[in-house]
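See structure below.
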Amino acid sequence: MQSHTLEFSQPAHLVAKSLIGRRFLVSGCGGIIVETEAYAPDDPASHSFRGPTARNKAMFGNPGTAYVYRSYGIHWCLNFVCTCGSAVLIRAMEPHWGLDVMRERRDVSDDRSLCSGPGKLTQALGVDGGFDRWALDQYPFELGATRIDDLNILSGRRVGITRAVDIPWRFGLGGSPFLSRPFN
DNA sequence: CCGTCGATGTACT
DNA sequence: GTACATCGACGGC
């Protein structure tokens, strides 16, 4: 069995779970998404919680577009916009396509650290702020229309936040060695 | 193995 | 000035 094409106009936590196990490429580089987090408009941990700003404008744009923001002044983080003010942070992937290019961008010896975190993943994929608001169904993005069902999908607390810490909107592929960190 | 810390753009007090 | 959806270098065990 396989699921249908991903519909972004639904609650972000459903999209986040549906993205696990799905193929995602940027200009031919990428792999299988193994970890995501959902953020919602009424969610104190979400960038959109206090309304639009120059940075988070993309979160209020069209479903199925990218929201790329700078994290801690250094890294880039990639989100998929869902309903208005909600998005899914792509936290980790199992790298599979364009490995040589991604290894060159990341300069690490262990493939497990190529995409095992939101900042690592954007560096490996070559994603930066210039991709903000771009449509995810057009090149250079390629998102798998189907995926294997019956995956062992774990959920838990989101990483690196201080508000709404008990909302279990982090999702991951059980047993994957490519997670940013284990689930509890 | 583990914890601490610096880097530093954007948003908020 | 302080916080932050992070990462990697470094030091101690």
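Side chains are part of it too, since the values below use all heavy atoms of this structure and drop only hydrogens, waters and symmetry mates. Below, chain A is the first sequence line, B the second, and so on; all start at residue 1.
At the heavy-atom level, A/R55 lies under 4.0 Å from the strands shown only through sugar-phosphate atoms. Using a 4.0 Å heavy-atom criterion, one finds that A/S180 contacts no nucleic acid atom at all. A/A45 comes within 4.0 angstrom of a base, heavy atoms only. Backbone-only engagement by A/R106 is indicated by non-hydrogen atom pairs under 4.0 Å involving sugar-phosphate atoms exclusively.
Between the NZ atom of A/K57 and the P atom of B/dT10 there is a distance of 13 Å, given to the nearest Å. Between A/I74 atom CD1 and B/dA7 atom P the separation is 9 Å, expressed in whole Å. Atom NE2 of A/H75 is separated from atom P of B/dG6 by 15 Å (rounded to the nearest Å). Going from atom CG of A/D132 over to atom P of B/dT10 covers 12 Å, rounded to whole Å.
The distance from the CG atom of A/L151 to the OG atom of A/S176 is 11.0 Å, given to the nearest 0.5 Å. Interatomic distance, A/H47 NE2 to A/F60 CZ, rounded to the nearest 0.5 Å: 11.5 Å. Note: A/D128 CG to A/H75 NE2 = 14.5 Å, rounded to the nearest 0.5 Å.
Once you apply a 4.0 Å limit to the heavy atoms of chain A, the touched nucleotides of DNA chain C run 5' to 3' over C/dC4 to C/dG8.
Checked against the 6.0 Å centroid criterion, the rings of A/Y139 and A/F141 do not qualify as a close aromatic pair.
Spacing between C/dG1 and B/dG6 at atom P, rounded to whole Å, works out to 16 Å. Comparing the C1' positions of C/dG8 and B/dT10 gives a spacing of 22 Å, expressed to the nearest Å.
Using modelled atom types, one finds no donor on one side chain facing an acceptor on the other under 3.5 Å when comparing A/T36 with A/R91.
Exactly one residue among A/I20, A/N152, A/L154 makes a side-chain contact (heavy atoms from CB on, under 4.5 Å) with A/L173. That residue is A/I20. A/W76 pairs with exactly one of A/V127, A/L125, A/V68, A/L121 by the side-chain contact (heavy atoms from CB on, under 4.5 Å) rule, that one being A/V68.
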Reading 5' to 3' and counting Watson-Crick or G-U wobble pairs with both distances under 3.5 Å, write the dot-bracket notation for DNA chain B, | for bases paired outside the strand. |||||||.||||.

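Cation-pi geometry between A/R112 and A/F178 is not met: the NZ or CZ atom fails to fall both under 6.0 Å from the ring centre and inside 45° of the normal. Relative to the ring axis of A/Y39, A/R158 places its NZ or CZ within 45° and under 6.0 Å from the centre.
Positionally, the nearest nucleotide of DNA chain C for A/T162 lies more toward the 5' end than for the other of A/T162 and A/K120.
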